[in-house]
Amino acid sequence: MKTVRMPDGEDVPALGLGTWMMGEDPRRRAQEIAALRRGLDLGMTLIDTAEMYGEGASERLVGEAIAGRRDEVFLVSKVYPHNASRKGAVAACERSLTRLDTDRLDLYLLHWRGQHPLSETVEAFEALKADGKIRHWGVSNLDADEMRELVGLPDGDKVATNQVLYNLTRRGIEWDLLPWMQGRGLPLMAYSPVEQSRLLADRRLAGLAADHGVSVAQLALAFLLDREGVIAIPKSGHAGHVEENAGALGVVMTGELRAALDALFPPPRRGGRLEMI
Ligand SMILES: NC(=O)c1ccc[n+]([C@@H]2O[C@H](COP(=O)([O-])OP(=O)(O)OC[C@H]3O[C@@H](n4cnc5c(N)ncnc54)[C@H](OP(=O)(O)O)[C@@H]3O)[C@@H](O)[C@H]2O)c1
């Protein structure tokens with residue numbers, strides 16, 4: 001497994017597992033658990049969830065999928081912005097731990113910025129860290145200016161990552177946010193890496209993938225895995241798709257292939273607002 005280094009020197013998998021929309025349909029439960037476990041078997045041991053996903057249903061599913069295998073997993077969850085006050089974030093984290101049936105999170109993220117001051121959320125995160133309930137904390141959906149603001153706050157420079165929308169069709173962060181994070185040695189987590197499956201229907205990308213003997217999903221993920229400090233977290237409820245996604249690690253990214261991807265999906269030529277899903 002390719003790894004990405006966290007600011008404290010810990011290496012985490014560059015290819016993990018997303019879980020949005022999972023755990024919500026009892027008829028899909030066994031298949032979804034099998035998909036997550038297949039991912040663990042393949043080394044995709046970073047699992048991303050959130051209290052928001054199915055209002056706890058995704059966390060409960062993840063808890064079941066990792067039962068007996070907790071120590072293999074780098075477990076990520078997120079706090080709702082409306083819960084991200086000094087006291088609220090601590091209480092929300094405890095509820096997440098209960099649903100996940102674990103005593104600690106490896107990474108806890110502010111899902112997006114809300115009404116509570118960032119400084120209060122940072123205080124809560126640092127208290128959770130001191131208590132051993134989380135090992136690292138980070139943010140999600142913050143733009144470059146907000147990241148600069150965050151690292152200027154007391155303990156704000158302890159931020160471990162920022163999880164943002166990033167895939168071939170959403171390259172805006174390459175203008176400022178990604179270089180800024182790379183410059184500070186901060187990993188960036190790329191969510192919706194196959195654009196919630198819309199990228200898989202792109203005929204031009206399919207043509208390029210076929211020319212290189214790989215699948216469209218593999219090429220879309222390989223584009224992200226090729227970049228320094230980027231962690232991709234595709235979601236799939238099917239073990240076969242998880243296996244296919246793991247195959248992205250074997251794609252050989254040549255200068256020619258990079259140029260062909262740039263021609264189809266050009267990098268940004270100017271700054272713009274951070275995109276979100
Ligand atoms: N921080 C945030 O605000 C935020 C926002 C969005 C997402 N996220 C996180 O990022 C994760 C990934 O993003 P996402 O779920 O929005 O989108 P995504 O991973 O880009 O796409 C997921 C969709 O692609 C399909 N898929 C995945 N691999 C496939 C394959 N090899 N072949 C065919 N279909 C495939 C899945 O279907 P199947 O299940 O049928 O395979 C699912 O419908 C989320 O699950 C969540 O953990 C975070």
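Throughout, residue positions are numbered sequentially from 1 according to the sequence presented. All values below were derived from every heavy atom in this structure, side-chain atoms included, with hydrogens, water molecules and symmetry-related copies excluded.
With sequence neighbours excluded, the residues that form a salt bridge (charged side-chain N to carboxylate O under 4.0 Å, His left out) with K78 are D48. With sequence neighbours excluded, the residues satisfying side chain to side chain contact (heavy atoms under 4.5 Å, CB included) with D41 are R38, R69. Taking the salt bridge (charged side-chain N to carboxylate O under 4.0 Å, His left out) definition, one finds that D145 meets it with R148, sequence neighbours left out. Every residue was checked against the salt bridge (charged side-chain N to carboxylate O under 4.0 Å, His left out) condition with R95, not counting sequence neighbours, and none meets it. Listed by chain and residue number, L118, S119, L150 satisfy the side chain to side chain contact (heavy atoms under 4.5 Å, CB included) test with L153 (two or more places apart in sequence, or in another chain). By the side chain to side chain contact (heavy atoms under 4.5 Å, CB included) test, E244 pairs with S215, A217, Q218, H241, sequence neighbours left out. The salt bridge (charged side-chain N to carboxylate O under 4.0 Å, His left out) check on D8 picks up nothing, with sequence neighbours excluded. Under the side chain to side chain contact (heavy atoms under 4.5 Å, CB included) criterion, E126 pairs with V122, K129, W137, D155, K158, sequence neighbours left out. In terms of the ring pair (Phe, Tyr, Trp, His ring centres under 6.0 Å) criterion, F265 has no residue partners (sequence neighbours excluded).
Side-chain polar atoms of Y53 and E24 form no donor-acceptor pair below 3.5 angstrom. Checked by atom type, the side-chain pair E59/S96 shows a donor-acceptor distance below 3.5 Å. Counting only N and O atoms by type, the side chains of Q115 and H82 include no donor and acceptor under 3.5 Å apart.
Rounded to the nearest 0.5 Å, atoms CD (E123) and NZ (K87) are 12.0 Å apart. Separation of atoms CG (L46) and CG (D106) is listed at 8.5 Å; rounding is to 0.5 Å. The structure places CG of L200 at 11.0 Å from CG of L219, a figure rounded to the nearest 0.5 Å. The CG atom of D211 sits 10.0 Å away from the CG atom of L257 when rounded to the nearest 0.5 Å. With values rounded to the nearest 0.5 angstrom, I66 atom CD1 is found 11.0 Å from I33 atom CD1.
Sorted by first then second residue, the side-chain hydrogen bond (donor to acceptor under 3.5 Å, both in side chains) pairs that include residues 248-258, not counting sequence neighbours, are D226-R258. The side-chain hydrogen bond (donor to acceptor under 3.5 Å, both in side chains) pairs that include a residue from residues 175-194 are N141-Y191, where partners are two or more places apart or lie in different chains.
For A14 against M1, the heavy-atom pair with the smallest separation is N-SD, 4.1 Å. The minimum heavy-atom distance between L249 and L225, with the atom names listed, is CD2-CD1, 3.9 Å. Nearest heavy atom pair, residue L42 against residue A246, reads CD1-CB, 4.0 Å. Across E32 and G23, no two heavy atoms sit closer than the pair OE1-N, 2.8 Å. Taking all atoms of both residues into account, the shortest heavy-atom contact from W112 to P81 is O-CG, 3.0 Å. Closest of all the heavy-atom pairs between R86 and E120 is N-OE1, 2.7 Å.
Residue R204 places its CZ atom among more than 12 non-hydrogen atoms of other residues, nucleotides or ligands, all under 6.0 Å distant.
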List, one per line, each side-chain donor-acceptor pair under 3.5 Å for residues 267-277, sequence neighbours excluded.
residue: E275; atom: OE2; partner: R170; partner atom: NH1; Å: 3.0

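At least one side-chain heavy atom of L107 sits under 4.5 Å from a side-chain heavy atom of T161. A heavy-atom distance below 4.5 Å is not found between the side chains of V194 and N167. Using a 4.5 Å heavy-atom threshold, the side chains of M44 and I233 count as separate. Contact check for L15 versus K2: no side-chain heavy atoms found under the 4.5 Å cut-off. Contact of the P7 side chain with the L186 side chain is registered, since non-hydrogen atoms from C-beta on lie closer than 4.5 Å. Side-chain contact between D103 and L97: absent, with no pair of heavy atoms (C-beta onward) separated by less than 4.5 Å. Inter-residue side-chain proximity for K133 and Y108 is flagged as unmet; no heavy-atom pair is nearer than 4.5 Å. Counting only heavy atoms from C-beta outward, the side chains of L105 and L100 approach each other to under 4.5 Å.
T121 places a side-chain N or O within 3.5 Å of a backbone atom of A84 that can act as its donor or acceptor partner. Between the side chain of R70 and the main chain of R104, a donor-acceptor pair closer than 3.5 Å is present.
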